[in-house]
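Sequence positions, counted from 1, serve as the residue numbers for this chain. Just so you know, these numbers come straight off a predicted model, no measurement behind them. Both counts, for ligands and for their atoms, begin at 1 and track the order of listing.
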Amino acid sequence: MDTRTDIDYLFEPRGVAVIGASQNSAKIGYQVVENIVQRGYKGRIYPINPKGGEVLGLKIYPDLSAVEGDVDIAVITIPARFVFDAVKECAAKHVKHVLIITSGFSEVGNAEEERKIVAYAREHGMRVLGPNIFGIYSAAASLDATFGPGGILPGRVAIITQSGALGIAMIGKTAAESLGLSALVSIGNKSDIDESDVLEYLTRDEATKVILMYIEGVKHGSRLVGMLKEVARKKHVIVIKSGRSRRGAMAAASHTGSLAGADEIFDSIMRQCGVLRAENVQDAFNWAHFLADAPLPKGKESVIVTNGGGIGVLATDACEKYGVDLYDNQAVLKDTFAPVMPSFGSSKNPVDLTGQATAEDYKRSLEAMLANDDMHAAIALYCETALFDTDSFADLLRVEYQHYKEKKPIIFSLFGGEKLEAIVRKLRAEGIPVFSDVYDGISSLGALYRSWRNLNAPAEVAEDVQIDVAAAEAILDRAREEKRGFLLANEAQQMAKVLGLSMPRSILASNLDEAVRAARTIGYPVVMKVVSKDIIHKSDAGGVALDLVSEKEVIDAYQAIMRSCRAYKADALIQGVEVVEMVKPGVETIIGARQDASFGPIVMFGLGGIYVEVMKDVAFRAAPISRREAHAMVSDIRSYPLLLGVRGEKRKDIDGIVDVAIKLGAVVDKCRDITDIEINPLVVYEHGQGVKAVDVRILFQTTREVR
Ligand code: ACO
């Protein structure tokens, strides 16, 4: 039975009960009632406390059963030991959502009580927000059911936060920065309702234009990825994630897992979803503020206008850093700006009006830029000079912002003394995108451009890969019979065949004659490796010979291998040798897929050797993936130019890598028993020449997962 209730009731409840409503203004149970009253909630408020009486002019009910009207949400503000009984009362009253503000559950090790409450609530058709939260604010219902400082302004930004303290602090900050909110949800321990549930509502909420999320850990990553991909194609989504240092803890058992930790995975997957990741709260707020009001650009070319050369250069650097493209048609720039600048100015972008520019020159430049349809966004910089009257300059910016507001994105950056700083603060409070630091402004414009590209991107549909799951499982089952959770080389070969991966040709030879024949069949040069379950480290035992180019070399190598392996381990049972095609050199890459603790099936890619191990130059995607997503993953790595071909080399077979990435993504998605699959190296040849999986390692669960 699906016990989900409609998430809309959480944001637009008809009636709200506060269980633990207190007359004591120092208590959370009082502050929540006070905020609900002060914000002007449109529905009915039911304070609950067995003591009865009145609070803030509202009747206090002794218990929920005494309430006549519908109660869609119940905010619980009583000590942890009483919460379960209160939840039972809520069920009897057919409450739809219980919001448990109370702390003292899984965050302090009391997970059992939390599980019990959630299970009971779900069985009775209720959802649980929290516990360990500060509440919810919803502009749609004029509801502030938090114990925050109040004063939340209605607006277009929705905040979802896992951290309570930070969330409460954000309330104060939004008020200080005049940032209007459409919703604010504290998700705390996420025992039931999590980010994805909240996003389900916000994606449909017309008032919400920007979603800002503070995340500490991801629980149901696959669902979150699906939700974020959908939301980020409709709205701007910003995420701040803490816990970068947790990378070690997240490293999986496999080699791939130890190459990069959770943070890189999170980062890559947010990019895949089209979510903007902010390094810190200030960036996130700057972006949210800007994105909430900025019109979407009609193209990607921006123009910088400045009265200072130095700051113009800084802005140019910032544009490169944040992915803001600059308009570059020199003839048009000259025609547009020559009339408003002295002969020693520069009409190249950045357009430098020089320190001699007057307010009038500045105004005319901004208007000339606005009038040109090929100039899509404006970056207006100003260094304080004696030629400008600072007060009237503020008015000029107000007027220009009004002109731009609906038509083109514009950011202003003003640098100077206290008077100018005061203007920055004043204009920001009015919602005008003015920044002291040019990097902050351009970082916000860069965020708009990144989000704009996502908003325009087509929906990603994972490639439909046909995998013979039964054949793959049969290979695993045979290994399971020997209680093994990994495949031997020949089994990995069989698996590669099932997946359609191109591996070097290989033949098992049990004596010298067979080895010679095998080498002839495969064609020289070949590699020879000892096959023995008793010899794990073949090279150490002298059990590997490379680059054998003739029959004579095969015979000599065979005898040498047998001699040294016997010397290494006299009682080793040697089944024979594996004769393998000697792979031609190419670019060595590493590609893998696995079940990630947070995100479920994921794929990874990096260049081999030092690129992966020292530079940690790897990219990830949540699987299964589309062709475009696979391409994006490959091009995400810093060493990507090496695949495009440097120093006259030809482009490498990137499509071949993409094919393998798609297959690996599909196999870990379809066979959840496979915990880790890694191809190292995957040798990549020139474009059209394909790729070769030289070594395939597969780990899996020794017991089959029931699905
Ligand atoms: N039904 C209704 N009312 C009840 C019930 C009940 N079953 N049981 C007790 N009450 C009343 C109490 O009588 C009291 O009212 P009173 O002031 O009239 O006496 C009121 O409910 C509150 O109960 P107290 O025992 O006084 O509890 P107190 O207010 O001290 O603490 C609280 C309760 C706030 C839930 C506390 O246990 C707690 O968990 N605090 C932490 C909250 C928190 O930080 N949450 C995370 C937020 S995010 C962040 O990190 C900032």
Give a yes or no answer on whether the side chain of N49 reaches the backbone of G52 with a donor-acceptor pair at less than 3.5 Å.
no

Can we call the ring centroids of Y120 and H124 under 6.0 Å apart?
yes

Counting from 1, what ligand 1 atoms have a heavy atom of N132 closer than 4.0 Å?
45 (N), 46 (C)

Per-atom contacts of ligand 1 with F147, taking only distances under 4.0 Å to non-hydrogen atoms
47 (C)

Does S22, backbone or side chain, put an N or O under 3.5 Å from an N or O of ligand 1?
yes

Atom 31 (O) of ligand 1 within contact range, any protein heavy atom under 4.0 Å
no

Is Q23 close to ligand 1, meaning an N/O of one under 3.5 Å from an N/O of the other?
no

Is the contact between F105 and ligand 1 made by the side chain, the backbone, both, or neither, using heavy atoms and a 4.0 Å cut-off?
neither

A student checking ligand 1 against I19 at a 4.0 Å heavy-atom cut-off should list atoms 1 (N), 2 (C)

Indicate yes or no for a side-chain donor-acceptor contact from S138 to the backbone of F11 under 3.5 Å, with no hydrogens or angles considered.
yes

Tell me: protein heavy atom nearest atom 19 (O) of ligand 1, and distance?
K51 NZ, 2.4 Å

Taking D72 for the side chain and P13 for the main chain, is one N or O donor matched with an acceptor at less than 3.5 Å?
no

Could you tell me the residue and atom name of the protein heavy atom closest to atom 47 (C) of ligand 1, and the distance to it rounded to 0.1 Å?
I133 O, 3.1 Å

Close-contact set for ligand 1 against I48 heavy atoms, below 4.0 Å
2 (C), 3 (N)

Between R277 and D263, does any side-chain N to carboxylate O distance fall below 4.0 Å?
yes

Ion pair E177/K173, N-O distance below 4.0 Å
yes

Just to confirm my output: which protein heavy-atom neighbour is closest to atom 12 (C) of ligand 1, and how far is it?
N49 ND2, 4.2 Å

Using a strict cut-off of less than 4.0 Å between a Lys/Arg side-chain nitrogen and an Asp/Glu carboxylate oxygen, indicate whether K96 and D6 qualify as a salt bridge.
no

Is atom CD of E68 surrounded by more than 12 heavy atoms (other residues, nucleotides or ligands) closer than 6.0 Å?
yes

Assign the ring pair F435 / F290 to parallel, tilted or perpendicular, where the plane angle (0 to 90°) is split at 30° and 60°.
perpendicular

Among non-hydrogen protein atoms, atom 21 (O) of ligand 1 lies closest to G20 CA, 3.2 Å

NE2 of H289 to CG of L212, rounded to nearest 0.5 Å, is 12.5 Å

Give the residue, atom name and distance (to 0.1 Å) of the protein heavy atom nearest atom 33 (C) of ligand 1.
T77 O, 3.6 Å

To which protein heavy atom is atom 6 (C) of ligand 1 closest, and what is the distance rounded to 0.1 Å?
I78 CD1, 3.8 Å

For ligand 1, which atoms, with element, lie under 4.0 Å from some heavy atom of P50?
1 (N), 2 (C), 3 (N), 4 (C)

Does atom 49 (C) of ligand 1 have a protein non-hydrogen atom under 4.0 Å from it?
yes

So if I count the atoms of ligand 1 from 1 in the order they appear, which ones are less than 4.0 Å from some heavy atom of I168?
51 (C)

Based purely on interatomic distance, does G164 place a nitrogen or oxygen under 3.5 Å from a nitrogen or oxygen of ligand 1?
no

Under the side chain to side chain donor-acceptor pair (under 3.5 Å) rule, what do N286 and S444 come out as? Steps first, then yes or no, please.
CA-CA 6 Å; N286 283 345; S444 298; 5.1 Å; no

Just need the protein heavy atom nearest to atom 38 (C) of ligand 1, so name the residue and atom and give the distance.
S103 N, 3.9 Å

Verify the distance criterion only: is there a donor paired with an acceptor across the side chains of E195 and Y214 at less than 3.5 Å?
no

To the nearest 0.1 Å, how far is atom 36 (C) of ligand 1 from its closest protein heavy atom, and which atom is that?
T102 CG2, 4.6 Å

Could you please spell out the steps behind the side chain to side chain donor-acceptor pair (under 3.5 Å) verdict for R115 and N110?
CA-CA 9 Å; R115 260 198 299 273; N110 189 9; over 6 Å; no

Can a non-hydrogen atom of P79 be found less than 4.0 Å from any atom of ligand 1?
yes

Of the backbone atoms (N, CA, C, O) and the side-chain heavy atoms from C-beta on, which set of I28 has a member under 4.0 Å from an atom of ligand 1: side chain, backbone, both, or neither?
side chain

Using a 3.5 Å distance criterion without hydrogens, assess whether the side chain of S22 forms a donor-acceptor pair with backbone atoms of N24.
yes

Any A165 heavy atom less than 4.0 Å from ligand 1:
yes

Flag atom 28 (P) of ligand 1 as yes if some protein heavy-atom distance to it falls below 4.0 Å, otherwise no.
no

